Amino acid sequence: MEELLKQIEAYKQEITAFTAQNADEVEAFRIKYLGTKGIVKNVMGEMKNVPGENRKEFGLILNAFKVFAEERFEALKESLTATDTTTTSNIDWSLPGDPISAGTRHPLSVVRNQMVAIFKRLGFAVAEGPEIEDDWHNFTALNLPENHPARDMQDTFYVNQNPDYLLRTHTSSVQARIMEKQKPPIRIICPGRVYRNETISARAHCFFHQVEGLYVDENVSFADLKQTLYFFVQEMFGKDAKIRFRPSYFPFTEPSAEMDISCTVCGGTGCSLCKHTGWVEILGCGMVHPKMLDNFGIDSNEYTGFAFGMGIERICQLKFRVNDLRLYSQNDVRFLRQFTGAV
Ligand code: DAH
């Protein structure tokens, strides 16, 4: 009796471990366990040797064993139809595949990456600075002492707990941080986010992005500035793009200028984007103020430099014709999906 029970347990383990890769192997299982000369039949045949008083109990055990083997057989059959790769008849090869929705790069990142790549070819390295800045690096070191009227040009967010700290209003603050710790030659660009206390509309936002450029060395001239920016514009907008400079004022450059490019929409003939002038302003620039250099212990008799700063949103507007600044931060996938494929 004991022997038979042990034997049944051993068979059950064998049955559980049995796997089948194809229909032939499932059939082999059936023959081995459930066939007319199979193991289940054999075990059932032992019934006649069981003493009368144990028959009922054994009958139940043997029957359970039979059901166990049959269920395993059904399971093996089923697993085969689920994974059978040898039969292709029930697969519809013409069904469309599941779409893979690949992410897209944000248009501002696309343009920033292009800008960085262009300036890198001219030898500019990428520099970074903090977005929470102190008054010195954002204003005073840039020749904008307290009460300077030009401070009002940039409505500033101050930190409540300590008004010596503010959200940087321009990436020019990185110029100060670089000159503080680096000696010429300096050739950097700094892409980054800046903040201004503006009412949000299609044309203004409380945060936006700039790329700052700074080049300080011996004999750097306005001609170098002009050629650098001309190269940038031609790489960015194509060989037909033209540039022009207008005199301007920034406390940290002398002389200062603003630069326009020929309108990328109408090519210069006049349209609503360029307000029918044929030109659009893209940046401020100039020769680094000697006082700035001296502020950082760089001898202004020995070294000169140029600097420029431009908004990434503006470049993006001219490249992709985006006409509402709010689109950049609304995360509307219908907007963002249009830049698929751009790097
Ligand atoms: N910081 C200026 C702004 O935010 C832009 C600028 C003008 C940067 C002239 C410069 C510069 O480096 O030389 O409006």
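Only this structure's heavy atoms are used, side chains among them; waters, hydrogens and symmetry mates stay out. Every number for a ligand or one of its atoms is a count from 1 in the order of the listing. Every value quoted in this text rests on a predicted model; they were computed, and no experiment measured them.
Ring geometry for Phe119 against Phe232 counts as parallel: the plane angle stays under 30°, on a 0 to 90° scale with 60° as the upper cut. Aromatic ring orientation, Phe29 versus Tyr33: tilted (interplanar angle from 30° to 60°).
Counting atoms of ligand 1 from 1 in the listed order, those under 4.0 Å from a heavy atom of Phe250 are 7 (C), 9 (C). Below 4.0 Å from some heavy atom of Gln175 lie the following atoms of ligand 1, by number and element: 12 (O). Listed by number with element, the atoms of ligand 1 under 4.0 Å from a non-hydrogen atom of Ser172 are 1 (N), 8 (C). Interface of Gly286 with ligand 1, defined as ligand atoms under 4.0 Å from a residue heavy atom, comprises 13 (O).
Put simply, the side chain of Thr253 never gets that close to the backbone of Val288: no donor and acceptor are under 3.5 Å apart. Within the 3.5 Å criterion, the main-chain N or O of Ser173 finds no donor-acceptor partner in the side chain of Asn138. In this structure a side-chain-to-backbone donor-acceptor pair under 3.5 Å is present from His106 to Leu108. For the pair Thr171 (side chain) and Gly192 (backbone), a donor-acceptor distance under 3.5 Å is absent.
Between the choices Met310, Glu254, Arg196, the shortest heavy-atom distance to atom 3 (C) of ligand 1 belongs to Arg196.
Not one N or O of Thr169 is nearer than 3.5 Å to an N or O of ligand 1, by distance alone. Residue contacts with ligand 1: Ala307 is placed with a nitrogen or oxygen under 3.5 Å of a nitrogen or oxygen of the ligand (distance criterion only).
The distance between the ring centers of Phe245 and Phe222 falls below 6.0 angstrom.
Here Glu258 has no heavy atoms under 4.0 Å from ligand 1, in either its backbone or its side chain.
Of the protein's non-hydrogen atoms, Phe252 CE1, 3.5 Å is the one closest to atom 11 (C) of ligand 1. Nearest to atom 12 (O) of ligand 1 among the protein's heavy atoms is Glu212 OE2, 2.6 Å.
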